[in-house]
Undergrad: 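Got a structure for you, questions after.
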Amino acid sequence: MAANNRRMSGKKGAQVGSGGQRRRGLEGKGPTPPAEMRKGHKKNRVANAKAKQAVRRPVARGRGGKGTSEMVVGRNPVVEALREGVPAVTLYVQQFIDNDERVREALQLVADRGGVHLMEAPRPELDRMTNGLNHQGLVLQVPPYEYAHPEDLSGAAYDEGQDPLIVALDGVTDPRNLGAAVRSVSAFGGHGVLVPERRAAGMTAGAWKSSAGTAARTPVARCTNLTRALEAYKKQGIAIVGLAADGEHEVGELAALGGPVVIVVGSEGKGLSRLVGETCDYRVRIPMPGGAESLNAGVAAGIVLYEAARRRA
């Protein structure tokens with residue numbers, strides 16, 4: 001009997017009580033991941049090496065300088081950033097991530113765009129990169145923004161045979177307002193936006209999203225001192241027009257908006273700083289019959305830019 005049992009145990013095929021494991025082993029495991037995410041693949045090693053170099057590379061300084069690298073964290077923010085065309089260097093994906101609809105869309109958007117590295121990382125590494133934020137397994141690295149120099153904005157206008165039309169933001173700290181100003185400048189044929197280097201919003205992922213893609217063709221310049229930059233524009237024959245609730249001129253009455261002009265918009269609530277206000281050639285107000293005390297920077301810039309574009313038409 002024992003010999004008979006030994007002969008039976010050597011038979012091939014599923015055994016009683018296997019639970020169908022052999023059948024489940026034949027089932028598909030979904031689409032093959034991109035080569036950049038397949039561990040051991042040459043493209044995976046190259047992508048990982050480039051991603052590490054991008055993180056460690058020191059920030060270069062150009063004429064207008066560069067911003068700092070930024071991380072967009074979380075499944076919804078990452079997908080929205082990719083949809084809006086925010087520049088990206090690397091998409092970090094957590095190992096063994098739950099493959100839901102947002103993860104699949106993020107991977108597809110990266111594949112369609114090209115030029116963005118995919119890097120798989122364990123959860124502890126993503127926790128370290130994001131300082132413990134709730135990244136949900138997706139982290140997008142945004143490269144430093146390359147700022148223009150203030151002279152580049154007026155120079156580009158003169159090269160095209162046009163009067164410069166520039167918006168300067170004084171004390172505006174919300175990146176969404178910066179993005180909205182960039183969008184308005186693009187819509188009304190302006191030549192760029194000027195922001196101070198300190199205590200001001202920079203071109204972050206949020207600003208890129210608010211610009212609705214126009215930041216790719218409308219330059220943003222950065223200066224160390226806004227007052228000195230405005231004085232340099234004045235020496236070029238450009239009028240400096242500041243927005244102020246108690247301005248001496250109404251926006252629809254100022255003929256200077258039809259020529260070379262820098263429109264200076266202050267922060268909501270505080271308005272223009274004292275030195276910047278004293279540097280302005282004109283201070284204009286926007287009539288508001290509805291009784292609102294102020295407008296945010298993006299809306300205010302759009303109104304004055306429309307009047308400038310109307311006079312130039």
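These numbers were taken from a predicted model, which means no experiment stands behind them.
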Undergrad: L230 and L254: same hydrophobic cluster, using ILVMFWY side-chain contacts below 4.5 Å?
TA: no
Undergrad: Looking only at non-hydrogen atoms, find the nearest pair between V103 and D98 and report the distance.
TA: CG2-O, 3.8 Å
Undergrad: Is L194 linked to L178 within one hydrophobic cluster, defined over Ile, Leu, Val, Met, Phe, Trp and Tyr using a side-chain heavy-atom separation of less than 4.5 Å?
TA: no
Undergrad: Run the salt bridge (Lys or Arg N to Asp or Glu O under 4.0 Å) test against E105 and tell me which residues pass, sequence neighbours left out.
TA: R83
Undergrad: With clusters defined by side-chain heavy atoms of hydrophobic residues (ILVMFWY) lying less than 4.5 Å apart, directly or transitively, does I166 cluster with F188?
TA: no
Undergrad: So, are R310 and E307 salt-bridged, with charged N and O less than 4.0 Å apart?
TA: yes
Undergrad: Under 4.5 Å between any side-chain heavy atoms of W208 and E84, yes or no?
TA: no
Undergrad: How long is the straight-line distance from CZ of R228 back to SG of C223, given to the nearest 0.5 Å?
TA: 9.0 Å
Undergrad: Which atom pair, heavy atoms only, marks the closest approach of P219 to A148?
TA: CB-CB, 4.3 Å
Undergrad: Enumerate the salt bridge (charged side-chain N to carboxylate O under 4.0 Å, His left out) contacts for residues 126-139, please, sequence neighbours excluded, ordered by first and then second residue.
TA: R123-D127, E125-R128
Undergrad: Just verifying a value: how many Å separate L226 CG and L275 CG, rounded to the nearest 0.5 Å?
TA: 10.0 Å
Undergrad: Taking the side chain as C-beta and beyond, is there a heavy-atom pair between H135 and Y92 under 4.5 Å?
TA: no
Undergrad: Which heavy-atom pair separates L82 from A106 by the least distance, and what is that distance?
TA: CD1-O, 3.8 Å
Undergrad: Please determine whether residues Y147 and V182 belong to a single hydrophobic cluster, defined as Ile, Leu, Val, Met, Phe, Trp and Tyr linked transitively by side-chain heavy-atom distances below 4.5 Å.
TA: yes
Undergrad: Is there side-chain contact between E250 and R285, with heavy atoms separated by less than 4.5 Å?
TA: yes
Undergrad: Considering all heavy atoms of both residues, which atom of S154 and which atom of I238 are nearest to each other, and what is their separation?
TA: CB-CD1, 4.0 Å
Undergrad: Taking the side chain as C-beta and beyond, is there a heavy-atom pair between Q141 and H117 under 4.5 Å?
TA: no
Undergrad: Is E101 atom CD crowded by more than 12 heavy atoms from other residues, nucleotides or ligands, each under 6.0 Å away?
TA: no
Undergrad: Donor-acceptor pair, distance only, cut-off 3.5 Å: does the side chain of K234 make one with the backbone of T279?
TA: yes
Undergrad: Contact between V72 and E80 at the side-chain level, heavy atoms closer than 4.5 Å - yes or no?
TA: no
Undergrad: At what distance, to the nearest 0.5 angstrom, does CZ of R183 lie from CG of L305?
TA: 14.0 Å
Undergrad: Look at the side-chain heavy atoms of Ile, Leu, Val, Met, Phe, Trp and Tyr, link any pair under 4.5 Å apart, and say whether V172 and V195 land in one connected group.
TA: yes
Undergrad: Test L243 against every option in V264, V251, I263, L272 by the side-chain contact (heavy atoms from CB on, under 4.5 Å) rule and name the one that passes.
TA: I263
Undergrad: What's the verdict on side-chain contact (heavy atoms from CB on, under 4.5 Å) for N177 and L169, showing C-alpha distance, side-chain angles and the deciding distance?
TA: CA-CA 9 Å; N177 276 331; L169 301 181; 5.9 Å; no
Undergrad: When you measure from the side chain of H191 to the backbone N and O of L165, does any donor-acceptor pair fall under 3.5 Å?
TA: yes
Undergrad: With no hydrogens and no angle check, is any side-chain donor or acceptor of R283 less than 3.5 Å from a backbone partner on A245?
TA: no
Undergrad: Do L153 and Y233 come within less than 4.5 Å of each other through their side chains, counting heavy atoms only?
TA: yes
Undergrad: If I take atom CD from residue Q95 and atom CG from residue L126, how far apart are they, to the nearest 0.5 angstrom?
TA: 9.0 Å
Undergrad: Between R312 and L257, which heavy-atom pair has the shortest distance, and what is it?
TA: NE-O, 3.7 Å
Undergrad: Run T227 and E231 through side-chain contact (heavy atoms from CB on, under 4.5 Å) and show every step you take.
TA: CA-CA 6 Å; T227 302; E231 289 173 346; 3.9 Å; yes
Undergrad: Looking at V185 and G192, what are the two nearest heavy atoms and their distance?
TA: CG1-N, 3.6 Å
Undergrad: With the side chain counted from C-beta on, respond yes when V262 and V241 share a heavy-atom pair under 4.5 Å apart, and no when they do not.
TA: no
Undergrad: Considering only NZ, NE, NH1 and NH2 on the basic side and carboxylate oxygens on the acidic side, decide whether R274 and E278 come within less than 4.0 Å.
TA: yes
Undergrad: Between atom OG1 of T130 and atom CD of Q136, what is the distance when rounded to the nearest 0.5 Å?
TA: 11.0 Å
Undergrad: Once rounded to the nearest 0.5 Å, what's the spacing between atom CG of N296 and atom CZ of R176?
TA: 9.5 Å
Undergrad: Is there a side-chain contact (heavy atoms from CB on, under 4.5 Å) between V276 and I240 once you walk through the steps?
TA: CA-CA 10 Å; V276 169; I240 310 299; over 6 Å; no
Undergrad: Step by step, work out the side-chain contact (heavy atoms from CB on, under 4.5 Å) result for R102 and L138.
TA: CA-CA 10 Å; R102 293 167 298 174; L138 286 185; 5.6 Å; no
